[in-house]
Amino acid sequence: MNNTPTSISSPPAHAQPVEQLRYATLLDWGTRIGLLVLVLSFAAYVTGLLPGHVPVDQLPAVWGLPVAQYLAQTHTPTGWGWLALLGHGDVLGLAGIVWLAAVSVACLLALVPIYARRGDKAFVAICLAEVLVVALAASGLLTGGH
């Protein structure tokens with residue numbers, strides 16, 4: 001039996017680093033919010049509380065179409081054009097998907113001050129580089145989908 005006194009100020013051996021806790025907490029809450037947006041937007045769409053860009057009764061006729069035909073038949077914009085249709089229940093679901101995709105960016109940005117205070121320049125650079133890569137991918141600049 002070890003009778004060595006432990007310091008009250010020292011964290012337990014199983015304590016998680018502050019950056020892991022911050023990332024996990026933000027990811028947990030961000031995911032919950034994104035899932036809530038998805039569920040509520042779907043409910044608003046199928047109940048008719050919000051109109052659909054593609055009405056629910058037309059879905060069976062279009063959901064098996066190739067993408068180009070679906071877009072043409074439903075007059076659905078590509079790229080970031082969906083933002084103009086956020087008042088529609090089916091399109092509002094995309095906001096939940098975008099939120100879920102963006103949560104990791106918010107988590108990474110929340111780590112930057114922790115690493116900066118420690119002087120961990122490499123981790124600051126890695127976090128910012130990951131954010132830039134995600135932003136570049138989402139921008140559509142690489143695919144011409146602006």
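Residues take their numbers from the sequence shown, with the count starting at 1.
- I97 and L35 end up in the same hydrophobic cluster when Ile, Leu, Val, Met, Phe, Trp and Tyr side chains are linked at under 4.5 Å.
- Residues S139 and W80 have side chains not in contact (no heavy-atom distance under 4.5 Å, counting atoms from C-beta outward).
- The two residues V54 and Y70 have their closest heavy-atom pair at CG2-OH, 3.5 Å.
- To the nearest 0.5 Å, atoms SG (C107) and CD (E19) are separated by 13.0 Å.
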Begin with the C-alpha distance, continue with both residues' side-chain angles, and end with the deciding distance and a verdict on side chain to side chain contact (heavy atoms under 4.5 Å, CB included) for R32 and L36. CA-CA 6 Å; R32 291 172 192 252; L36 183 64; over 6 Å; no

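- Q73 is not listed as a side-chain neighbour of Q58, based on a closest heavy-atom distance of 4.5 Å or more.
- Under the 3.5 Å distance criterion, the side-chain polar atoms of H53 are left unmatched by any main-chain donor or acceptor of G87.
- In terms of hydrophobic clustering, with Ile, Leu, Val, Met, Phe, Trp and Tyr side chains grouped at heavy-atom distances under 4.5 Å, V98 and Y45 are assigned to different clusters.
- The number of heavy atoms from other shown groups lying within 6.0 Å of CZ (F123) does not exceed 12.
- Heavy atoms from other residues, nucleotides or ligands lying under 6.0 Å from CH2 of W82 number more than 12.
- Under the 4.5 Å side-chain criterion, counting only non-hydrogen atoms from C-beta, L50 is in contact with L92.
- Side-chain contact check for Y115 versus V124: some heavy-atom pair is nearer than 4.5 Å.
- Rounded to the nearest 0.5 Å, atoms CG (L128) and CG (L109) are 7.0 Å apart.
- Side chain of R22 to backbone of A110: a donor-acceptor contact under 3.5 angstrom is found.
- Between L100 and L38, the closest side-chain pair of non-hydrogen atoms falls below 4.5 Å.
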